[in-house]
Number of protein chains: 2
Amino acid sequence: MNPLPSHPPGDGSTPNGAAGSTAAAAGNLPTFSPLYQQIKALITQSLQSGEWKPGELIPSEVELAARFKVSQGTVRKAIDELAAENLVMRRQGKGTFVSTHHEERAHFRFLRLMPDTGVPHHPDNRILDVRRQSAPAEVAQLLSLKSGDAVIYIKRLMSFDGAPTILEELWLPGAIFKGLTAERLDQYKGPMYGLFESEFGTRMIRASEKIRAVGADPAAAELLGVAEGTPLLCAERVSFTYGDKAVELRRGLYLTAHHHYQNDLS
Amino acid sequence: MNPLPSHPPGDGSTPNGAAGSTAAAAGNLPTFSPLYQQIKALITQSLQSGEWKPGELIPSEVELAARFKVSQGTVRKAIDELAAENLVMRRQGKGTFVSTHHEERAHFRFLRLMPDTGVPHHPDNRILDVRRQSAPAEVAQLLSLKSGDAVIYIKRLMSFDGAPTILEELWLPGAIFKGLTAERLDQYKGPMYGLFESEFGTRMIRASEKIRAVGADPAAAELLGVAEGTPLLCAERVSFTYGDKAVELRRGLYLTAHHHYQNDLS
DNA sequence: GAGTGGTCTAGACCACCCG
DNA sequence: GGGTGGTCTAGACCACTCG
């Protein structure tokens, strides 16, 4: 509970005593780690372990400072970074909350397909297939699974204003998403990441996408109601939870006749 | 030179006296602006005016603190945000430098097309056309120009390892890029944004892209060496300089047979 | 050794929210 | 009025760079 020595500005103790700079004598790597980074890691642990659940209020800065025996400023800097990474949300006068996918604000962080005209809104969702299967080699590799491990395969079609626009396939590690069925997916309202977070305790915090242009194959063409060969945007996404652990592979085909993938470079 | 009052912690002056909270009596809007935001705006002004040029060292934090009559911590927070926005780069022990597009590090911030295998590298560049013309209506609107204003039109083909992969069209405000010719584009080595920055004093700091899948038209198909109708990624980019001023419209067609558009959602 | 950014602390006060 | 995050200051020390 108290892995950190205190460092009053002028005391005689060794600053950064726990930071690793002395411990790395053999490795010859500096591995200096500031105090606030260590605090950040401790807070992240509590987030990951579920001590504070998505949507909940975490202890105040002064409280955390007391717990970790550091100044409020140090806790503040740690939380600043967590807020910048969207793991946590600050609200002045109220406190700091664990981020959740159950908010309007979060919904369009991972859904980047916007209508060319009009305001963004949520698509209708039709589940086409859900099954448990042995992970194909490529999927296993991208999800860091052993070849042959079980995965849940999901296929779904999403429509904006009745117009089929997104055809998606997902692969999820079977060990984590045990018991995920078409019924539960159908019943659930709101974004799929909200369900993952609430029902399976797995929160997506980061994703990496590779985007290509492809021609619609016969199956996709029929489902999306376009001619075979119609150019589609293909987005292959790997999502990660705490600790950079891959927990989702998703391949989406986007019809971009009246929508576009929005990206801001900054 | 001294638009800011000083705010010692315990003095009797009115804190945030220049922040606008009192000045907005009629408008009823809070419009409270912290000191460090005002400092940030002042530093940004100096960047925009060219007082410190891309690649140059800006004054040290203590020096700026003295100039603006605030504490180093306040200057620090201002620079922190500028560094987060890539306007400035900090280097411990050396100082803070104005960001420039003349660095390896910056080159792939706006070029997101990566090879499916192997390490990212720079494409060869072949200028196909450069001309001065009257801005088409759509271009004028996106660049906030008056319909009929002059624009520079550029068409170029980029190849990776000899394979044509990117076909791009650009529209630049004629008033800013006066004297831009095919020769200067051909002679210039390195990224185009580097030339814009060095030769025309206009630094791109942000861009917004809309991405679609399209079929190759006959002209594009021939230049890229593919069949007509081949699916291509179409990225329409509007770039901005200081003050959110649009200064470039770019439409790129990407052949994604052996490359992909890389995007990280975080 | 001098100068720079980076960390850490302590304390004061402000803006915001709620009971 | 009391609690929360947000701002601002001042001072000390650390890590890094360079002459």
Side-chain angles (χ1 to χ4, degrees), chain A residues 4-22 24 29-40 56-66 68-84 88-97, chain B residues 4-22 24 29-40 56-66 68-84 88-97:
Chain A
L4 298 161
S6 61
H7 311 310
D11 75 348
S13 75
T14 92
N16 282 310
S21 59
T22 55
L29 293 172
T31 63
F32 164 72
S33 161
L35 234 197
Y36 76 87
Q37 287 286 4
Q38 304 174 44
I39 303 298
K40 181 184 170 189
E56 285 182 7
L57 187 65
I58 77 170
S60 73
E61 293 178 355
V62 293
E63 204 168 332
L64 290 172
F68 297 132
K69 302 269 184 50
V70 298
S71 80
Q72 182 184 354
T74 300
V75 170
R76 189 165 183 73
K77 183 145 187 177
I79 295 181
D80 276 346
E81 291 205 351
L82 293 172
V88 115
M89 262 189 41
R90 326 187 74 145
R91 277 190 256 170
Q92 180 171 151
K94 302 186 72 172
T96 302
F97 297 78
Chain B
L4 298 161
S6 61
H7 311 310
D11 75 348
S13 74
T14 92
N16 282 311
S21 59
T22 54
L29 292 172
T31 62
F32 163 73
S33 160
L35 233 197
Y36 75 88
Q37 288 287 4
Q38 305 174 45
I39 303 298
K40 181 183 170 189
E56 285 182 7
L57 186 64
I58 77 171
S60 74
E61 294 177 355
V62 294
E63 204 168 332
L64 290 172
F68 297 132
K69 302 270 184 51
V70 298
S71 79
Q72 182 184 355
T74 300
V75 170
R76 189 165 184 72
K77 183 145 187 177
I79 295 181
D80 275 347
E81 292 205 352
L82 293 172
V88 115
M89 263 189 41
R90 327 187 73 144
R91 277 190 257 169
Q92 183 172 153
K94 303 186 71 171
T96 301
F97 297 78

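Below, read A as the first sequence line, B as the second, and so on, with proteins coming before strands; counting in each chain starts at 1. The figures here come from the full heavy-atom set of this structure, side chains too, leaving out hydrogens, waters and symmetry mates. Note that this is a predicted model, so its numbers are computed, not measured.
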Quiz item: B/Glu81 CD to D/dG6 P: how many Å, rounded?
Solution: 12 Å
Quiz item: Is any side-chain heavy atom of B/Ile39 closer than 4.5 Å to a side-chain heavy atom of B/Leu64?
Solution: no
Exercise. Rounded off to whole Å, could you give me the CG-to-C1' distance for the B/Leu35 and C/dC13 pair?
Key: 13 Å
Exercise. Would you please confirm or rule out a distance under 4.0 Å between OP1 or OP2 of D/dT7 and any side-chain N or O of B/Lys77?
Key: yes
Quiz prompt | Options D/dT9, D/dT7, C/dC8, nucleotide nearest the side-chain atoms of B/Ser71 | solution = D/dT9
Quiz item: How long is the line joining CD of B/Gln38 and C1' of D/dT7, in whole Å?
Solution: 12 Å
Atom pairs and distances, side-chain donor-acceptor, residues 89-96 of chain B, under 3.5 Å, sequence neighbours left out:
residue: B/Arg90; atom: NH1; partner: B/Asp80; partner atom: OD1; Å: 2.5
residue: B/Arg90; atom: NH2; partner: B/Glu61; partner atom: OE2; Å: 2.1

Check nucleotides 1-5 of chain D for protein N or O atoms closer than 3.5 Å to its own N or O atoms and list the pairs.
residue: D/dG3; atom: N2; partner: A/Gly93; partner atom: O; Å: 2.9
residue: D/dT4; atom: O2; partner: A/Gly93; partner atom: N; Å: 3.2
residue: D/dG5; atom: OP1; partner: A/Thr96; partner atom: OG1; Å: 3.4
residue: D/dG5; atom: OP2; partner: A/Glu61; partner atom: N; Å: 3.0

Quiz item: Who passes side chain to side chain contact (heavy atoms under 4.5 Å, CB included) against B/Lys40, sequence neighbours left out?
Solution: B/Gln37, B/Thr44, B/Ala78, B/Glu81, B/Leu82, B/Glu85
Practice problem: Give the rounded distance in Å between these two atoms: CD of A/Gln37 and P of C/dT7. | Solution: 8 Å
Self-check item: Listed partners of B/Glu56 passing salt bridge (Lys or Arg N to Asp or Glu O under 4.0 Å), at least two apart
Solution: none
Quiz item: Whole Å only: how far is the CG atom of B/Asp80 from the P atom of D/dT7?
Solution: 12 Å
Quiz prompt | Interatomic spacing from CG in B/Leu35 to CD in B/Gln38 - rounded to 0.5 Å | solution = 5.0 Å
Exercise. Mind calculating the distance between CD1 (B/Ile39) and P (D/dG6) to the nearest angstrom?
Key: 20 Å
Quiz item: Roughly, in whole Å, what's the span from CE in B/Met89 to P in D/dT17?
Solution: 12 Å
